[in-house]
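Okay, so here's the structure we're looking at.
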Number of protein chains: 2
Amino acid sequence: METEQEKSQKKFHHADDCPITSTIDVIGGKWKPPIIWLLLKEPMRFGDIHKSMPGMALKVLSRSLKELETDGIIIRTAFPEIPPRVVYSLSDKGESLREIMKLLSQWSREHIMKLEEVA
Amino acid sequence: METEQEKSQKKFHHADDCPITSTIDVIGGKWKPPIIWLLLKEPMRFGDIHKSMPGMALKVLSRSLKELETDGIIIRTAFPEIPPRVVYSLSDKGESLREIMKLLSQWSREHIMKLEEVA
DNA sequence: CAGTATCCTCTTGGATACTG
DNA sequence: CAGTATCCAAGAGGATACTG
């Protein structure tokens with residue numbers, strides 16, 4: 001009998017069709033994982049996210065947030081105040097990434113950070 | 001009491017320190033996931049991997065394989081024959097990605113492909 | 001405060017030709 | 001067969017100045 005993995009492997013012939021690639025497209029890149037990771041803890045304002053990521057250019061943050069919003073991972077809520085206040089939070093779809101994020105983080109601690117201790 | 005997630009979030013202030021980012025660095029990019037996915041099924045020769053990924057440039061494949069080898073994910077075995085034969089297989093560390101890959105693939109099927117059916 | 005606009009560099013990805 | 005070498009295009013990432 002055919003396994004689940006074999007079934008889904010038959011589905012793709014190009015990388016674009018690979019189910020894993022399409023997930024990486026959504027959560028991949030240098031800054032999206034830390035952004036999701038932060039928002040998994042609590043909703044945050046634009047400026048606070050920025051402050052939490054020293055080194056990330058403003059443009060990169062705003063583009064990342066826009067893409068995550070387009071992909072339905074996060075929700076942007078703007079309050080019509082002066083000065084403006086914008087809060088980003090995870091959608092249900094974004095929340096559903098929690099287990100994956102935990103696994104990715106765990107794998108890193110077990111397979112990457114331990115090497116650094118040795119080095 | 002402090003959760004596991006809170007503990008590891010304290011550890012990073014830059015994206016480079018984010019544990020999830022360092023995992024994405026290893027398995028991210030356009031072609032690495034499909035390569036790992038293929039090798040999770042069985043060891044494969046260079047040419048066969050190439051044939052399985054139409055559209056991927058040779059240079060990209062060889063660079064990806066080299067990086068995966070450097071990161072300890074795959075093992076390169078060259079047989080001293082003419083014509084040469086080189087087989088790539090997963091290391092234990094690569095094999096340990098199986099659960100993550102399954103989750104990523106599953107998430108895609110549940111949250112991305114279903115949208116395409118509607119569209 | 002929450003972004004845009006501009007200009008820049010570096011990496012990734014890609015097509016094609018060539019080699020041990 | 002299993003790659004390299006070369007040249008090129010596109011996008012990600014980054015620093016800084018500006019705006020509603």
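The sequence lines fix the lettering, A, B, ..., with proteins before strands; numbering per chain opens at 1.
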Quick one: OG on A:Ser91 to CG on A:Asp71, what's the gap to the nearest 0.5 Å? 10.0 Å
Where the side chain of A:Ser64 meets the backbone of A:Val60, is there a donor-acceptor pair that is under 3.5 Å apart? yes
Does B:Val87 belong to the same Ile/Leu/Val/Met/Phe/Trp/Tyr cluster as B:Met44, with side-chain heavy atoms less than 4.5 Å apart forming each link? no
Answer with base, sugar-phosphate or nothing: what part of the nucleic acid does A:Arg63 contact at a heavy-atom distance below 4.0 Å? base
Take atom CG of A:Leu61 and atom C1' of D:dA12, then tell me their distance rounded to the nearest Å. 14 Å
Proximal nucleotide (of C:dA15, C:dC1, D:dC1) relative to the B:Arg45 side chain: D:dC1
For nucleotides 6-10 of chain C, print each protein N/O atom paired with a nucleotide N/O atom at under 3.5 Å, atom names and distance only.
from, atom 1, to, atom 2, distance (Å)
C:dC7, N4, A:Lys59, NZ, 3.3

The side chain of B:Val60 is closest to which nucleotide in this list: C:dG13, D:dA2, D:dA15? C:dG13
In whole angstrom, give the distance that lies between atom CD1 of A:Ile82 and atom P of C:dC1. 13 Å
If I take atom NE2 in residue B:His50 and atom C1' in nucleotide C:dG13, what distance separates them, rounded to the nearest angstrom? 13 Å
Which of these nucleotides, C:dA15, C:dG13, C:dA2, is closest to any side-chain atom of B:Trp31? C:dG13
Same apolar cluster: A:Leu68 and A:Ile75, side chain cutoff 4.5 Å: no
Looking at every heavy atom in both B:Met53 and B:Leu38, which two are closest together, and how far apart are they? CE-CD1, 3.0 Å
Looking only at side-chain N and O atoms, does A:Ser62 come under 4.0 Å of OP1 or OP2 in C:dA2? no
Rounded to whole Å, the CG-P distance (A:Asp25 to C:dT12) equals 15 Å
Given C:dG13, C:dA2, D:dG3, identify the nucleotide with an atom nearest to the side chain of A:Arg76. C:dA2
Identify, with sequence neighbours excluded, every residue that meets side-chain contact (heavy atoms from CB on, under 4.5 Å) alongside B:Ala78. B:Arg76, B:Val86
Pair A:Asp48 + A:Lys51, salt bridge at N-O below 4.0 Å: yes
Interatomic distance, A:Leu58 CG vs D:dG20 P [rounded to whole Å]: 17 Å
B:Lys30 side-chain proximity, nearest of D:dA2, C:dG13, C:dT4: C:dG13
B:Val26 with B:Leu61, same ILVMFWY side-chain cluster at under 4.5 Å: yes
Mind running side chain to side chain contact (heavy atoms under 4.5 Å, CB included) on A:Met101 and A:Ser105 for me, showing each step along the way? CA-CA 6 Å; A:Met101 291 293 164; A:Ser105 159; over 6 Å; no
Regarding B:Tyr88, tell me which of base, sugar-phosphate or nothing describes its non-hydrogen contacts under 4.0 Å with the strands shown. sugar-phosphate
When pairs are called at under 3.5 Å and a stem needs at least three consecutive Watson-Crick or G-U pairs, the stems of DNA chain C are C:1-20 with D:1-20
Spacing between B:Ile35 atom CD1 and C:dT12 atom P, to the nearest angstrom: 13 Å
Determine whether B:Leu97 and B:Ile100 satisfy the following criterion, side chain to side chain contact (heavy atoms under 4.5 Å, CB included), listing intermediate values before the conclusion. CA-CA 5 Å; B:Leu97 287 166; B:Ile100 289 177; 4.1 Å; yes
Write down the distance between CE (A:Met56) and P (D:dG13), rounded to a whole number of angstrom. 11 Å
Kindly point out which of D:dA2, D:dC1, C:dG3 is positioned nearest to the side chain of B:Pro83? D:dC1
Heavy-atom nearest nucleotide on DNA chain D taken for A:Ser64 and for A:Pro84; more 5' hit belongs to A:Ser64
Rounded to whole Å, please give me the gap between NZ in A:Lys66 and P in C:dA2. 15 Å
